[in-house]
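This report refers to the structure that appears directly beneath it.
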Amino acid sequence: MRLSKSFGKTLREAPADAELASHKLLIRGNFVRPTGAGIYTFMPFGYRVIRKIWAILADEMDAIGGQEMWMPNLHPSALWEATGRWNTMDVLMKVKGGGSREYALSATHEEIVVDLALRETESYRDLPRMIYHISKKFRDEPRARGGLMRLREFIMKDAYTLDTSEEALDEYYPQMIQAYYNIFERCGTPALAINADVGAMGGKSSHEFVVPHDQGEDTFIACADCDYAANVEAAVFVREGDKPEKLDDLVKTATPNCKTIADVADFIGVPTSQTGKAVFYWWTAAGEQEDAGRFIFGLVRGDLEVNEVKLINALGGGTVRAATDEEIIAAGATPGYASPIGLTIADSLDAPGVYVIADTSLKAGGNFVVGANDEGYHFTGANYPRDFAVSQMADIAQADTGYKCAQCGGRIEARRAIEAGHCFKLGTRYSKATNATYLDKNGKPQFIYMGSYGIGIDRLMAIIVEKHHDDYGIIWPESVAPFQVHLMHIGKGSDVRKTADSLYDSLRKEGFEVLYDDREASPGVKFNDADLIGIPWRVTVGGRSLAQGGVEVKQRSEKERHLVPIEELAAFLRQS
RNA sequence: CGGGGCGUAGCUCAGUUUGGCAGAGCGCUCGGUUUGGGUCCGAGAGGUCGUCGGUUCAAAUCCGGCCGCCCCGACCA
């Protein structure tokens, strides 16, 4: 590629609204151009990187028996109605065709795969299978952000497994996990597999692949002493603290102007871990209207926080929002001074009374200070279950730095990361909805077990840049670089242009991908563009180096410059 | 969806407070100059000031609606 002929130009300045390094550098380097919020055009250089990542993904998928396909992006509404997601997936984009035809734009491809599976899979002899494709996804993200990090239209590699049973799926799953490790390793962005919440995908379990990054959107928990790692929404930890040897009496105590945990702990003179924190929600079951929901009283030890995803999972799904003061009072509790003591506790989610869901931390410790449901008063010496009952005891507290690891007893810490991939064991969530079955050895129909495994390619490209850049530009890992060699001529010397032209031809004949900066520009401009674009090898033809018998070769990632005789150049590049 | 900010030349932005000729740097075109780290000099091209409406003798500037974009939060495979 001759730079003088390339479509588009590098920019000296990035758009003012770009904040992430990847966003700025990919635009400045002419890799991408914004088309709309969360919508990007890949320019020729950017598309070359996409193809490199594509090849790595296909290679790793093929290596574990994957078969590449190409599925449509326009999905008849009936397929989404069949799985029940036409109306429940709120990021689903819909388009109307002629007449009454309606389509979903491909937000994901489970619907297509399960429909294919039920048509093509007849018996156990047709299983297992692993298929994948690389194609566009469309999601009506409420907030696109961070350049290529969160898009409304993006490119995803998604693979799907079809198995006869949960055991068969379990057996194959580690191969996929390993392939994912390989992929991220090869792209220069080693990732961590962590346990994750299954979210809207449904299914049994999932692993999220994350790349640690300070500006990441994800928080995950990792143990400093062992290999435990999990998304904060799935992370378990040990509630430290012992039952007191002697339970104090329950005493009502005046605590004027103590509406926060910190205030009341300070006023009474106990640590926050010896208090109970009440948090109120309005919960709506999945598929229900909000007015069919109910009030939920969340209770955690005062030093902890409620994690809403854990709470929702403990309630069996649905959505929650913060309860209003009116709803709290209607439930019989006093905002700021609430506790289960004195309330009628519901036995189940269908029963009357107040549904109290308490974190297991209430069993670690005792003689708690809790609200008295009376403005200005708390109880001291509150102990579970002596003084109050709860509807449900569950893990609803958020893990955080310094807590005790449930696996090894060491200390865990919270870190930020970017989600780069996700593996789901879907089980029969989709095959049951569509009656996708196969005949087993006994001739009996059984549901197909599915798994789905995604990697966002444009996001991965952005992550690579986040991990591989300096103040001057991108430093592409060889495996995904748009070109291997950035050739340029500088200065006026008589043979300079001729030598560079012939090197451009000979290097390409040797099989190198070469970007040739053949512009008549000043050296500074050319060097700066080379640093910005970030191709691994820079070959400079100039009067100075020619006089010394060669050309200057420099790696983008290194400082040293090498003088290499022209006839040895290809060999030098190849062996380094 | 809540909070905040922005929209003026291809890009970065000034001009809006206090209404009165449409501006700068970079980029682009032409001529010259320079040639190992974003050279220098000169001459040009380029904008219905996001959009629709209102106020006014007069609107980039004041008022209102709409659209678009960014950031924080909620949400999120």
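Throughout, a chain's letter reflects where its sequence line sits, starting with A, and its residues are numbered from 1.
Nearer the 5' end of RNA chain B, as judged by each residue's closest nucleotide, is the contact made by Ala37(A), out of Ala37(A) and Arg150(A). Where Gly543(A) and Pro15(A) meet RNA chain B, the nucleotide closest to each residue was compared, and Pro15(A) sits on the side nearer the 5' end.
Within the nucleic acid shown, Val91(A) has no heavy atom closer than 4.0 Å to any nucleic acid atom. Among the protein residues, Ala107(A) comes within range of the nucleic acid bases, having at least one heavy atom under 4.0 Å from a base atom. Within the nucleic acid shown, Arg152(A) has no heavy atom closer than 4.0 Å to any nucleic acid atom. Contacts of Gly146(A) with the nucleic acid, taken as non-hydrogen atoms under 4.0 Å apart, involve only primed sugar atoms and P, OP1 or OP2. At a threshold of 4.0 angstrom between heavy atoms, the contacts of Gly454(A) with the nucleic acid are absent.
At a cut-off of 3.5 angstrom, the base of rG38(B) holds no donor-acceptor pair with the side chain of Arg519(A). Judged by distance alone with a 3.5 Å cut-off, no donor-acceptor contact links the side chain of Arg321(A) to the base of rG2(B). Below the 3.5 angstrom threshold, one finds a donor paired with an acceptor across the side chain of Arg561(A) and the base of rG37(B).
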Atom pairs, N/O to N/O, protein against nucleotides 30-35 of chain B, distance under 3.5 Å?
unit_1	atom_1	unit_2	atom_2	d
rU35(B)	O2'	Lys492(A)	N	3.3

Please write out each protein N/O paired with an N/O of nucleotides 22-26 of chain B under 3.5 Å, distance rounded to 0.1 Å.
none

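Atom pair Glu217(A):CD and rC75(B):P shows a separation of 13 Å (rounding to whole Å applied). For the pair Glu19(A) CD and rG5(B) C1', the interatomic distance rounds to 12 Å; values are reported in whole Å. We find that CG of Asp90(A) is positioned 8 Å from C1' of rC76(B), with the value rounded to whole Å. Separating the CG atom of Leu151(A) from the C1' atom of rC76(B) is a distance of 13 Å, rounded to the nearest angstrom.
Distance OH/Tyr160(A) to CE/Met130(A): 12.0 Å, rounded to 0.5 Å.
Residue Lys9(A) has its side chain nearest to rC28(B) when only rC75(B), rC28(B), rG37(B) are considered. In the set rG38(B), rG36(B), rA74(B), rA74(B) carries the atom at the smallest distance from any side-chain atom of Arg145(A). Distances from the side chain of Ala16(A) to the nucleotides rC75(B), rC13(B), rG36(B) place rC13(B) closest. Minimum atom distance to the side chain of Phe527(A) is reached by rG36(B), of the listed rG36(B), rC69(B), rC75(B).
Rounded to the nearest Å, the gap between the P atom of rG15(B) and that of rG31(B) is 37 Å. Of the P atoms belonging to rA43(B) and rU12(B), the separation is 27 Å, rounded to the nearest Å. rG10(B) and rC62(B) have their P atoms separated by 23 Å, given to the nearest Å. rG19(B) and rC26(B) have their P atoms separated by 33 Å, given to the nearest Å. When the C1' atom is used for both rU51(B) and rA60(B), the distance is 14 Å, rounded to whole Å. Of the C1' atoms belonging to rU16(B) and rG2(B), the separation is 28 Å, rounded to the nearest Å. Distance check on atom C1': rG27(B) versus rU17(B) gives 32 Å, rounded to whole Å. Rounded to whole Å, the C1' atom of rG46(B) lies 6 Å from the corresponding atom of rA9(B).
Using modelled atom types, no side-chain atom of Asp518(A) and backbone atom of Arg2(A) make a donor-acceptor pair closer than 3.5 Å. Between the side chain of Thr428(A) and the backbone N or O of Ser431(A) there is no donor-acceptor pair closer than 3.5 Å.
Between the side chains of Arg85(A) and Tyr430(A), at least one donor N or O lies within less than 3.5 Å of an accepting N or O. Using modelled atom types and a 3.5 Å distance limit, the side chains of His422(A) and Ser206(A) yield a donor-acceptor pair.
Residues forming a salt bridge (Lys or Arg N to Asp or Glu O under 4.0 Å) with Lys554(A) (at least two apart in sequence, or on another chain): none. Listed by chain and residue number, Phe209(A) satisfy the ring-ring contact (aromatic ring centres under 6.0 Å, His included) test with Tyr180(A) (two or more places apart in sequence, or in another chain). Taking His486(A) as the reference, nothing meets the ring-ring contact (aromatic ring centres under 6.0 Å, His included) condition, with sequence neighbours excluded.
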Cut-off 3.5 Å, no hydrogens considered: what does the side-chain donor-acceptor table look like for residues 18-25 of chain A, sequence neighbours left out?
unit_1	atom_1	unit_2	atom_2	d
Ser22(A)	OG	Glu466(A)	OE2	2.7
His23(A)	NE2	Tyr40(A)	OH	2.8

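In this structure, Phe572(A) has its ring center under 6.0 Å from that of His562(A).
The aromatic rings of His75(A) and Trp80(A) lie parallel to each other, their planes meeting at an angle below 30°, with 60° marking the opposite boundary.
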